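Notes to accompany the following structure.
Keep in mind that this is a model prediction, so the values were computed, not measured.
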Amino acid sequence: MLLMTDVSKSYGSGVFALQDVNIHIAPGEFVFVVGPSGAGKSTFIKMLFREEIPTTGSIFVNGVDILKLGEKEIPYMRRQLGIIFQDYRLLPDRTVYENVAFAMQVIEAPYRKIKRTVMNVLDLVGLRRRANSYPNELSGGEQQRIAIARAIVNNPLMVIADEPTGNLDPETSWDIMQIFEEINSTGTTIVMATHDKGIVDAMDKRVIAIEKGCIVRDEKHGVYGYES
């Protein structure tokens, strides 16, 4: 699913955001990426969907060398991924239904398929009843659920989440993680950067720890390992 080989990212003057990263993530894995602030987690995550490009090394996603893609090919590659951000990035002037449907409209899915699929994923995240609401009428947890629904509506091969519970209270965070567990149980690969020690320690997933741009730990049944 994901193969990073000898990946480094330098911003000049000998400053590395990432250095000599070698990672293989198999299809269906659930992986937490952890580390102190400024460790390189966000750079790692952004490289997975080519928002950042390494200075050296190669990155393959689903067998495709994403660094060799032309500018017109990048959007098509990203359609195989579900990307979730801490700040939700919902369209404020569109309803919950329209926010999720938009991801399918972009790929020109048929209207009937859009309606059926959107309502199914809204059921999954527990928000069918809010389909006609607008983002500013929702709580933070509800907005994150909509961001998740939008990310998975096209049945992506991999879901990439950058601090998806960072703005949420502990109870809501656990509700969100249960949704991710359900998504992962269908075979979708999940790669998640997080500072949430309690969730990482409790979920018993693979943990990749980054410190000062380097992979310092890669454990199959890992723990957070840093002071939160």
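Counting only heavy atoms from C-beta outward, the side chains of P164 and F85 never approach each other to under 4.5 Å. Using a 4.5 Å heavy-atom threshold, the side chains of V159 and I84 count as touching. Considering only heavy atoms from C-beta on, D196 comes within 4.5 Å of S173 through its side chain. Side-chain contact between I210 and T43 is absent, with no heavy-atom pair separated by less than 4.5 Å. Contact annotation: the side chain of T188 never approaches that of I152 to less than 4.5 Å [non-hydrogen atoms, C-beta and beyond]. The shortest side-chain heavy-atom distance between P54 and L18 does not fall under the 4.5 Å cut-off. Residues Y88 and I146 fail the side-chain proximity criterion, which asks for heavy atoms closer than 4.5 Å. For the pair I53/M47, no side-chain contact is recorded, criterion being any heavy-atom separation below 4.5 Å from C-beta on.
Taking each heavy atom of P36 and K41 in turn, the nearest pair found is O-NZ, 3.2 Å. G82 and P156 make their closest contact through N-CB, 3.4 Å (heavy atoms, listed as atom of the first residue, atom of the second, distance). Nearest heavy-atom pair across S133 and L138 is CB-CD2, 4.0 Å. Closest of all the heavy-atom pairs between N99 and P135 is ND2-CG, 3.9 Å. Annotation for I45 and A161: closest pair CD1-O, 4.4 Å, computed over non-hydrogen atoms.
Here M192 contributes atom CE and M203 contributes atom CE; the two are 7.0 Å apart, rounded to the nearest 0.5 Å. If you take CD1 on I208 and CG on D218, they are separated by 4.5 Å, rounding to the nearest 0.5 Å. In this structure, CG in N154 is found 15.0 Å from CZ in R78, a value given to the nearest 0.5 Å. Remark: Q143 CD to L127 CG distance equals 10.5 Å, nearest 0.5 Å. With rounding to the nearest 0.5 Å, the separation of CD1 in I190 from CZ in F180 is 6.0 Å.
In this structure, Q144 contributes its side chain and G141 its backbone to no donor-acceptor pair below 3.5 Å. Of the possible donor and acceptor atoms, one in the side chain of D169 sits under 3.5 Å from a partner among the backbone N and O of E171.
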Side chains of residues 20-33: which donor-acceptor partners sit under 3.5 Å, not counting sequence neighbours?
unit_1 : atom_1 : unit_2 : atom_2 : d
N22    : OD1    : D6     : N      : 2.8
N22    : ND2    : D6     : OD1    : 3.3
E29    : OE1    : R206   : NH1    : 3.3
E29    : OE2    : A26    : N      : 2.8
E29    : OE2    : R206   : NH1    : 3.0

Sequence neighbours left out, cut at 3.5 Å: what donor-acceptor pairs do the side chains of residues 108-122 make with other protein atoms?
unit_1 : atom_1 : unit_2 : atom_2 : d
T117   : OG1    : K113   : O      : 2.8
N120   : ND2    : R116   : O      : 3.3

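Placement of L67 and F44 within a single hydrophobic cluster is found when ILVMFWY residues are connected by side-chain heavy-atom separations under 4.5 Å, directly or transitively. A single hydrophobic cluster is not seen to contain both Y134 and V125; linkage of ILVMFWY side chains at heavy-atom distances under 4.5 Å, directly or through other members, places them apart. Cluster membership for V223 and W174, using ILVMFWY side-chain heavy atoms within less than 4.5 angstrom, is not shared. Hydrophobic clustering of Ile, Leu, Val, Met, Phe, Trp and Tyr side chains at less than 4.5 Å, counting indirect connections, unites M4 with V64. Clustering ILVMFWY residues whenever any of their side-chain heavy atoms sit less than 4.5 angstrom apart, transitively, puts V100 in a cluster other than the one holding I107.
Here Q80 pairs with N62 under the side chain to side chain donor-acceptor pair (under 3.5 Å) rule; sequence neighbours left out. Under the rule for a side chain to side chain donor-acceptor pair (under 3.5 Å), the partners of K205 that lie at least two apart in sequence or sit in another chain are E181. With sequence neighbours left out, R79 forms a side chain to side chain donor-acceptor pair (under 3.5 Å) with no residue at all. Partners of D87 by side chain to side chain donor-acceptor pair (under 3.5 Å), not counting sequence neighbours, listed by chain and number: R89.
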Next item on the list: Before giving the answer on side-chain contact (heavy atoms from CB on, under 4.5 Å), spell out for T165 and T172 the whole-Å C-alpha distance, their side-chain angles and the decisive distance to 0.1 Å.
Entry: CA-CA 8 Å; T165 63; T172 303; over 6 Å; no
Next item on the list: Under the side-chain contact (heavy atoms from CB on, under 4.5 Å) rule, what do I199 and T194 come out as? Steps first, then yes or no, please.
Entry: CA-CA 9 Å; I199 283 175; T194 184; 5.8 Å; no
Next item on the list: Show your reasoning for whether side-chain contact (heavy atoms from CB on, under 4.5 Å) applies to I148 and I183.
Entry: CA-CA 10 Å; I148 293 170; I183 295 166; 3.7 Å; yes
Item checked: Candidate pair V61 and M158, rule side-chain contact (heavy atoms from CB on, under 4.5 Å), full reasoning -> CA-CA 9 Å; V61 176; M158 178 165 61; 4.1 Å; yes
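Screening residues 125-145 for salt bridge (Lys or Arg N to Asp or Glu O under 4.0 Å) gives D123-R128, R129-E142, R130-E142, R145-D175 as the qualifying pairs, with residues at least two apart or on separate chains. Every pair passing salt bridge (Lys or Arg N to Asp or Glu O under 4.0 Å) that includes a residue from residues 45-56 is listed here, sequence neighbours excluded: K9-E52, R50-E71. Among residue pairs with one or both ends in residues 150-168, none qualify as salt bridge (Lys or Arg N to Asp or Glu O under 4.0 Å); sequence neighbours excluded. Every pair tested for salt bridge (Lys or Arg N to Asp or Glu O under 4.0 Å) that includes a residue from residues 90-107 fails, sequence neighbours excluded, so the list is empty.
Counting heavy atoms of neighbouring residues, nucleotides and ligands inside a 6.0 Å radius, atom OH of Y11 exceeds 12 of them. In the displayed structure, F102 atom CZ is contacted under 6.0 Å by at most 12 heavy atoms of other residues, nucleotides or ligands.
Applying the under-4.5 Å side-chain rule to Ile, Leu, Val, Met, Phe, Trp and Tyr, the cluster around L3 extends to F60. Taking Ile, Leu, Val, Met, Phe, Trp and Tyr as members and joining any whose side-chain heavy atoms lie under 4.5 Å apart, directly or through other members, V15 forms no hydrophobic cluster with any other residue.
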